[in-house]
Amino acid sequence: MKILLVDDESELVSALAERLSFRGFDAEWVCSGAEAIEKVKENEYDLAVLDVKMPRMSGLELRAELEKVRAGMKYIFLSGHGSEDDYNAGAARAECYLVKPVKIEELVEKINLALGL
Amino acid sequence: MGSTIPKDRDGLEFFGQISAAISHDLKNVLAIINEDAGLLQDFSLMAAQGMELDPARLVKLAEKIQGQVKRGDGIIKNMNRFAHSVDLPVCEVDYRELCALVISLLTRMASRKCVTVSLKDGEQAKGKGDPFTTQMLIAKGLEYAMDSAGKDGELGIDVASADGGCMMNVSGLNAPLPEDALAELESIADKAGAEVAVDPQVNILNFKF
């Protein structure tokens, strides 16, 4: 399963990708919406994990853009906040919404659920 | 017991806005430490199954965690300075120092709005003032200046002593400030015992403390 992780905190997303790779996922990462769009143009991903609050393009905006490039991808949102607005916006548009710091087991479980594994 | 209405809702909102930004930054710091610690755990489990551990990789991970602890410590120091700015309604303040603190507290906002904010070199600029309201004025001014500068804009801030007080210029505006924004700044400036003006000729927002 191919997964794309997008978060402006490079240290976070690189470590998360490595940990997911240990668990059998083919995980790649980028730090901006623009990079994510390029990646999705070039590769086929099953699921993207998006940070909600990013400079230039929020996770919600990015999801809308990625849908145009490749319809049918699954999404999980990550956020540092836990505001009701974020949750409502995220939960309505994604397979699931997790608040940082996230347990890897929980993320893996949500990925599996989203992908029907 | 009757209900009480906060006297300064603007101040509370500002306090909340800054606290929320700080909590977001700290959440990110904790999330990174969490993942790095998780990686160490993963390596340990794999080592227990016979995989060879790379000491250089462990050293790098430890350095990353230490770097995040340092980052978190800086955020908490700023948070503490900000929280103590309500201790005294009036005291001697260094406007340059307050400005540097506000810029630091607004890093996430600047990043979200894709604007670079830099404080130009200069001397201390001290005077008597209300630290909290002064910070609120600078922060609100910078927020509107970022909107005016637009994406990829660059704001430069000049702070200097002037006439027993302090002059602060924010340059790099690209569009006039909306009237209601200017009215809000004037209202806060009034509370801070300051004056605010915009020079449309040179796109500069000016504060006089």
Side-chain angles (χ1 to χ4, degrees), chain A residues 3 5-25 27 29 31-35 49-62 76-87 90 97-109 111, chain B residues 16-49 51 53-54 57-58 60-72 75 106-117 146 150-153:
Chain A
I3 291 172
L5 307 175
V6 191
D7 195 305
D8 60 317
E9 295 279 358
S10 63
E11 279 194 32
L12 171 66
V13 81
S14 59
L16 204 48
E18 190 167 5
R19 297 191 73 202
L20 285 173
S21 73
F22 295 153
R23 288 157 177 81
F25 296 99
W29 59 273
C31 291
S32 70
E35 289 172 287
V49 179
L50 310 180
D51 181 27
V52 176
K53 307 253 181 194
M54 289 187 290
R56 293 186 182 273
M57 197 184 293
S58 74
L60 294 175
E61 290 166 333
L62 176 59
I76 289 174
F77 282 161
L78 286 186
S79 176
H81 281 296
S83 79
E84 202 176 334
D85 285 351
D86 275 357
Y87 179 80
Y97 176 91
L98 297 171
V99 177
K100 296 175 191 172
V102 63
K103 279 186 182 171
I104 192 82
E105 295 81 9
E106 191 182 359
L107 179 59
V108 167
E109 187 190 327
I111 291 172
Chain B
Q17 180 191 24
I18 295 298
S19 301
I22 289 169
S23 75
H24 191 118
D25 285 342
L26 286 176
K27 276 273 196 181
N28 274 332
V29 167
L30 290 176
I32 293 168
I33 291 173
N34 185 56
E35 291 315 320
D36 286 341
L39 261 181
L40 283 174
Q41 205 170 29
D42 288 349
F43 288 152
S44 304
L45 289 172
M46 290 189 283
Q49 289 167 7
M51 191 194 85
L53 272 177
D54 176 10
R57 189 70 213 278
L58 297 181
K60 203 175 166 187
L61 261 178
E63 284 172 354
K64 277 172 72 180
I65 292 172
Q66 285 167 335
Q68 289 302 322
V69 170
K70 195 176 169 188
R71 177 185 170 193
I75 293 167
L106 295 186
T107 302
R108 180 156 288 277
M109 180 192 288
S111 168
R112 203 179 66 238
K113 292 178 187 274
C114 307
V115 175
T116 308
V117 183
M146 285 179 207
K151 271 193 176 180
D152 299 319

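Quick note on labels: first sequence line is chain A, next is B, and so on, each numbered from 1.
Of the residues considered (B:Ile33, B:Asn34, B:Ile32), B:Ile32 shows the highest number of contacts with chain A, using heavy-atom pairs under 4.5 Å. With respect to chain A, the highest number of heavy-atom pairs below 4.5 Å among B:Asp25, B:Asn28, B:Asp36 belongs to B:Asn28.
When atom types are taken as modelled, the side chain of B:Ser111 and the backbone of B:Thr107 share no donor-acceptor pair closer than 3.5 angstrom. Not a single donor-acceptor pair under 3.5 Å links the side chain of A:Ser58 to the backbone N or O of A:Met54.
Under the 4.0 Å criterion applied to side-chain N and carboxylate O atoms, A:Glu11 and B:Lys60 are not assigned as salt-bridge partners.
In this structure, chain A has heavy atoms under 4.5 Å from both the backbone and the side chain of B:Lys64. Contacts between A:Val102 and chain B at a heavy-atom distance below 4.5 Å involve backbone atoms as well as side-chain atoms.
Within the 4.5 Å cutoff, no side-chain heavy atoms of A:Trp29 are placed close to those of A:Glu18.
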